[in-house]
Amino acid sequence: MKMTEISVRVNGVAMKSSVEPRTSLADYVRETCGLTATHLGCEHGACGACTVLVDDVLTRSCLKFAAMCDDRHVTTLEGLANDPLTDLLRQCFHESHALQCGFCTPGMLMAARDLLRRNMTPDEITVRNALAGHICRCTGYSGIVHAILLAASRLKPDD
Amino acid sequence: MKPAAFDYHRPATLAEAIDLMERFGDSAAAISGGQSLVPLMNLRLSPSDQLVDVSRLAELQQTRDLGDSVFLGAGLTHAMFEDGAAPDPANGLMRQAASHIAYRAVRCHGTIGGSVAMADPAADWPAVLLALDAAALVRGPMGERRIAMDALLTGTYTTSLETGEIITGFEVPKLPADARTSYVKFNRKVGAFASSLAVAVRQGEALRLVLAGAGPRATLLAATAAAFIAGAPKTSVRNTLAGEVALIVEADDPYACALHIATILRAIEEIS
Ligand SMILES: Cc1cc2nc3c(=O)[nH]c(=O)nc-3n(C[C@H](O)[C@H](O)[C@H](O)COP(=O)(O)OP(=O)(O)OC[C@H]3O[C@@H](n4cnc5c(N)ncnc54)[C@H](O)[C@@H]3O)c2cc1C
Ligand code: FES
Ligand code: FES
């Protein structure tokens with residue numbers, strides 16, 4: 001099977017790589033780029049732990065091949081280190097005890113940020129619906145939902 | 001799990017894509033959003049070892065006003081319908097259905113064409129497009145053809161697409177402003193496939209009633225629709241419905257039958 005040449009911008013860094021076509025975007029960011037905030041739980045779209053952004057669009061990195069992301073911008077949680085909204089969410093997760101082992105947390109933060117960018121004033125049901133595709137095995141969801149609602153309450157109109 | 005090895009092709013035009021699909025025959029698969037195909041590949045349930053990426057083909061992203069109907073490209077994502085970025089000739093029904101498919105990250109990539117080609121018996125788009133009496137436009141080595149939804153869906157995960165054919169889009173009739181629609185999805189968890197899905201589209205005395213999540217494909221319940229439109233008493237509509245459902249549900253499953261009857265009756269209520 002032939003290798004595929006790709007050019008991807010990962011967290012702002014231009015990468016040129018030769019990948020096996022079957023390499024998932026998740027394995028690419030974890031193994032080729034060494035970015036391990038992206039976690040793999042189920043590899044079939046159900047758990048949400050692998051969620052990243054491709055061209056700013058929420059993406060299951062287990063359901064995309066790296067080859068399909070040629071010429072795209074990929075953002076993992078590491079790439080949001082200085083993002084004010086992610087920072088606020090991180091703080092609120094901390095205050096609300098919204099994590100224990102942290103396995104689901106990168107995906108939770110990605111989904112929460114995406115929700116708040118589309119809807120700055122979500123109610124609890126909206127938050128719970130937005131988290132339906134994210135499975136947490138140890139903390140339970142109350143703290144996570146609380147954290148996201150807390151972050152929403154602290155958002156300023158220009159965030 | 002990880003997929004088996006395959007070759008990846010990203011043709012620049014639809015014509016090239018069809019050439020590749022024809023050249024590789026049964027070992028080729030188109031990949032659009034990948035939101036159904038990649039899980040299957042990860043489970044090693046897909047036999048294809050030649051992937052033809054159609055996700056960037058401009059032809060599949062188009063929308064066109066055709067007068068009485070609208071052409072909607074196969075590559076439009078569920079999220080585009082959810083966000084109102086794609087036209088909805090069904091007065092909000094398509095938007096409503098799209099926003100109940102899977103999760104946002106899956107909706108941002110999964111496409112209407114991929115969903116129909118996949119033909120999952122419980123999927124949302126095949127049921128909605130059947131209720132809307134839409135047709136698929138298909139391009140293949142032999143040229144273009146138009147396939148009504150009812151003829152396209154043949155069974156569980158199977159369609160009447162021939163080897164090498166690609167769905168380019170759908171012709172969806174425009175509903176008049178006074179048409180009534182209903183979409184009732186019952187699932188165990190937000191974002192999951194339907195345990196039962198009822199879709200109803202009523203234009204005056206014409207009612208199309210579709211049930212999905214029961215049997216091998218989305219099915220029109222013509223007898224129930226006719227009984228309702230003829231003004232039959234409620235118990236008689238319900239009996240006709242129970243009869244139609246019993247023919248579709250394969251095993252002897254009283255829970256499934258009761259559930260399908262409930263979603264369909266609710267849909268009928270909403271268009272009454
Ligand atoms: C966690 C999860 C939950 C889901 N829940 C739901 C749900 O509730 N309801 C629902 O309806 N769906 C659901 N889905 C499926 C989802 O809607 C998929 O997006 C959709 O079924 C496939 O679209 P795709 O573009 O990703 O197709 P792909 O995965 O790329 O392809 C699917 C199939 O279609 C073929 N194909 C793709 N494009 C074309 C084309 N243009 N012409 C011909 N063949 C083509 C491929 O070869 C493949 O066989 C879910 C998926 C996941 C992962
Ligand atoms: S690993 Fe991608 S959704 Fe679970
Ligand atoms: S914090 Fe452990 S899985 Fe969510």
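Numbers restart at 1 for each chain; the letters A, B, ... are given by sequence-line order, proteins then strands. Values reported hereafter were calculated over all heavy atoms of this structure, with side chains retained and with hydrogens, waters and symmetry mates removed. What you see is a predicted model, and the numbers here were worked out from it, not measured in a lab.
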R60(A) and Y103(B) have their tightest heavy-atom pair at NH2-CD1, 3.2 Å

Smallest separation among heavy atoms of K64(A) and S32(B), with atom names: NZ-O, 4.3 Å

Atom CE in M3(A), atom CG in D7(B): separation rounded to 0.5 Å? 12.0 Å

With a sphere of 6.0 Å drawn around CG of D71(A), does it hold more than 12 non-hydrogen atoms of other residues, nucleotides or ligands? yes

Within a reach of under 6.0 Å around NZ of K16(A), are more than 12 heavy atoms found that belong to other residues, nucleotides or ligands? no

Given that the side chain runs from C-beta out, which part of L131(A) has a heavy atom under 4.5 Å from chain B: side chain, backbone, both or neither? neither

Which residues in residues 37-49 of chain B have a heavy atom less than 4.5 Å from any heavy atom of chain A? V38(B), P39(B), M41(B), N42(B), R44(B), D49(B)

Of all of V54(A), L53(A), T4(A), D70(A), which one pairs up most often with chain B through heavy atoms under 4.5 Å apart? D70(A)

Report yes if the side chains of V57(A) and H109(B) come closer than 4.5 Å at any heavy-atom pair, otherwise no. yes

Quick one: pull up CZ in F65(A) and CG in D53(B) and give me the separation to the nearest 0.5 Å. 10.5 Å

Measure distances from A4(B) to the heavy atoms of chain A and classify the residue's part below 4.5 Å as side chain, backbone, both or neither. backbone

Whether R118(A) and D83(B) form a salt bridge (side-chain N of Lys/Arg under 4.0 Å from carboxylate O of Asp/Glu) is what I want to check. no

Compare all side-chain heavy atoms of Y8(B) with those of K2(A) and state whether any distance is below 4.5 angstrom. no

Sorted by chain and residue number, the ring-ring contact (aromatic ring centres under 6.0 Å, His included) partners of Y28(A) (sequence neighbours excluded) come out as none

What part of R56(B) lies closer than 4.5 angstrom to a heavy atom of chain A: side chain, backbone, both or neither? side chain

